[in-house]
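From a predicted model like this one, the values you see are computed outputs, not experimental measurements. Within every chain, numbering begins at 1; the chains are lettered A, B, ... in the order of the sequence lines, protein sequences first and strands thereafter.
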Amino acid sequence: MDFYEQQDKARRTTARLVALLCVALVLLVAAIYAVALGAEVLFLRRHQQLLVSWWQPSLLAWVVGCTAVVVGYGSWSKLRALDAGGGSVALMLGGRQVITSRPGTTAAERQLMNVVEEMAIASGMATPFVFVLDREPGINACAAGYTPQDAAIVVTHGALHLLSRAEMQGVIAHEFSHLLNGDTRLNTRLIGLLHGLLAVGIVGRTLLRAGVGGRRSGATGRGGGAWPLALAGVLLWLLGWMGLLAGKLIRAAVSRQREVLADASAVQFTRDKLGLAGALKKIGGAAHGSWVENPEVEELAHLFFSATAEPSWFARLLATHPPLMLRIKRLDASFDGRWPVVRAPPVVDRVVGEQVAQSLDSTMALALDPTLDQARARTQPPDEAMSTTTTAATTLGQPLLVGLGEARHATPRRILPAVDITAAVGSPAPAHLAWSQTLLASIPTPLRDAVHDPFDAVAVVQAMLLDGDAAVRRSQLTTIAELSSGPLAEASLRYRVDIEALDLRLRLPLVELAIPTLRRLSPPQQATLARVVQALSDADRRRSVFEYALGRLLLRRMVDHVGGGRTPTAQLLSLRAVGPAASVVLSALAHVGHPGDDEATALAFSHATASLPSAWRGHMTQQSEASCTFGAVDAALDRLETAVPVAKKRFLDAAAHCVMADGRVTLAEGELLRGVADALGCPLPPFLPTLSEPAQSDAA
Amino acid sequence: MSTGLVIALAIIAMAVIFLTTLYNRLVTLRNRFKNAFSQIDVQLKRRYDLIPNLVDTAKGYLAHERETLEAVVKARNIAVGAEQKAALDPSDSGAMSQLMGAESALGGALSRLMVTVEAHPELKADRTMSELTEELRSTENRIAFARQAYNDAVTGFNTEREKFPTVALAGALGFTGAALFEILDATERTAPKTGFTS
């Protein structure tokens, strides 16, 4: 089942869950109504009134109303609290964010960040926030967040110090699978919805306390009147507990299956069964197992890697995770049940093995042609009416920069067929992981450290946009000094030296590494950065694809503090409805790949549309180069973002076909395609170099 | 169940919801600026760690300028203490103003030291010294940047707190106004001394 089908399935499961919850709610209301009736009968009997009827619409209305309000408010407030993204869940658990630029970061934390960053790059996701639960000795981890964009990964102190790099990698891969399969969205919603059922119990407890308190204070018969209150309180509390039970049952039904899936996906990702199995074995052998002591965790238990509490006799029914032994046996059938002695392993942060031996300038034929330098671009004549001010009208009207340098026609390189690329969305493979480790190891340490500090991260991003031409650069630096500050301009200038030396293919990955840090800037600082990026891009009166991809990446990923915007819910836009938007983007991709060559462009475009279903094909018309402005592409991508997953998949397939039409993927095409995939919310793993014919390609 | 009772209950329910929302919003904004303080915390600590090295390097050349050096060390130690206290609870405006005072004093002592360094060319030329001063300067830049983020968060909190009707209830709920992190820092530069060459 591929990424898109997973997302669809996750959505349908949510619908089913909500239905189940409604049933639970109806039963709850019925039970409360019965209780209320009983209380009323008791009360009226005391006053010797006539028998009451079973059907009392006013009482029913009251019960329904109050229950709806309590449950509704409980759910709504919790969902609101969780809206802030994965980071808010982590803070709820008392997590401390791991920020490697802080002095006092331990080697183990640095290793953790490296593992997370490698996986993020390999799967095409933004690096999630990473938190540590300092006071938890158990070995456990959790992933939270509605979308991969606002995700957070939380790791316990025990896991941080007791797991080796390979085992940690297995655990993190498991968590990433949850993120990529849409589980975390489902699970986070579940927390909110179930909280409402909890609310009834809370009300019951409060009433109980009020009733009991009243009884104590009243010595002269006042107490007699309060005991129905206390009784009602007890009963409500019991009902609330039953509601909680129902919620747990529902939750368990969903979560166990997903855990099995996540284990399988993790293995698929890392090709390392022993790592994950090792982690599970250590959980079995550790003194604290995977127990998490914080009581807040109860509601969030299904988000965790392994069971968070000692299983009671109820365990089988309500367990959120499959039994530990079963999970281990699935991964390592030879396991004999003897738990290992759990000792803290030495922290070795270098990835040893043959992957490291490969450098970027290896003999491998590289899919992305690094010789296409966007700085030496053949440009289109700038728009007459363009001014240097960054008014929306002007920038939107900028023609797409299509002349992207000499297309060095070297021997055509072998690359993956288009279908393999889009199949990799959401299911990264071991080769992607290895490539990402090589990629990251090639980024010089000063730059890698710089992107973890807010000031330096901003400087690095700005440095990437500094032009080669000295005069333009001077004006750019002045702009930076005016819009933000002089020291930032100086810092950008200093980093320019490092950036110049950096391989072009590493630029966007470096920006992706910087994103979590940039999200920690205050909103005004982020706004300033957006303005500066805009101004710098416009300074040379041309916009390159890199600048566009960079701007788009920042805009989309850099939302509010600690997690942020939710992606708009799919508006069920059909393939037909997004036809014009798709045409624009595909044409843009075609033009970018074949600047000035109309024939090749047309070929690429037709290659792309050929891969689409015939019903859609009729609505696709190639757009001219002039009309494919960045503004048009922006608008088109915004529209495509609201399409159904199936439509997105089809579209991404077509885009990949377009890019591969001539058998080569240029840097610009690669960057634009990454930008497109990111805009659609589809995590696209990096392009891989291949050596031989992809005849028996096992999905990259 | 008279309509009057229904309405009264509905009003009470709405009031409760309103209060809870208000409270939660203030808590969120307060946590935000407390979090933002941690960014300043990091850079301040870095500076405090740099200063002893700086002083040790300078000691060799400035044996007769002991007062200046001692002043720096003393100011640094006071600042470290104030910073630790403020880090415990950034919403405590008393601790924050103490930190700001200590930081201003340290800034003053450091700038006097820098003036002295300028007056001794052989010290200025010392490799270690120039590295340390460079690192000090970049740390100052980072502090300024982090302060900006912190002040933005504090402004957000204060603005929300001063809105009506929140302002009437904020005091009762225990939310006091937060202080902006202002320092009169002599070593802070807002514009580069030389123009941008290259």
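Atom OH of B/Y61 is surrounded by more than 12 heavy atoms from other residues, nucleotides or ligands within 6.0 Å. Around atom CD of B/E122, more than 12 heavy atoms belonging to other residues, nucleotides or ligands sit under 6.0 Å away.
Distance CZ/A/F455 to OG1/B/T139: 10.0 Å, rounded to 0.5 Å. Atom CG of B/D152 and atom CG of A/L521 lie 10.0 Å apart (nearest 0.5 Å). Between A/S77 atom OG and B/I17 atom CD1 the span is 9.0 Å, to the nearest 0.5 Å.
For the residue pair A/E490 and B/N141, no side-chain donor N or O sits within less than 3.5 Å of a side-chain acceptor on the partner.
When all heavy atoms of B/Q39 and A/R520 are compared, the pair lying nearest together is NE2-O, 3.2 Å.
The part of A/R494 that comes within reach of chain B is its side chain, from C-beta onward, which places non-hydrogen atoms under 4.5 angstrom from that chain. At a 4.5 Å heavy-atom cutoff, the contact between A/L488 and chain B is made by side-chain atoms alone. Neither the backbone nor the side chain of B/T28 comes within contact range of chain A; no heavy atoms are under 4.5 Å apart. For a residue to count as touching a neighbouring chain, one of its non-hydrogen atoms must lie under 4.5 Å from one of that chain's; by this rule A/V69 does not touch chain B.
Using a distance-only test at 3.5 Å, with no hydrogens or angles considered, no donor-acceptor pair links the side chain of B/Q148 to the main chain of A/S522.
Within the 4.5 Å cutoff, the side chain of B/V16 has no heavy atoms near those of the A/Y73 side chain.
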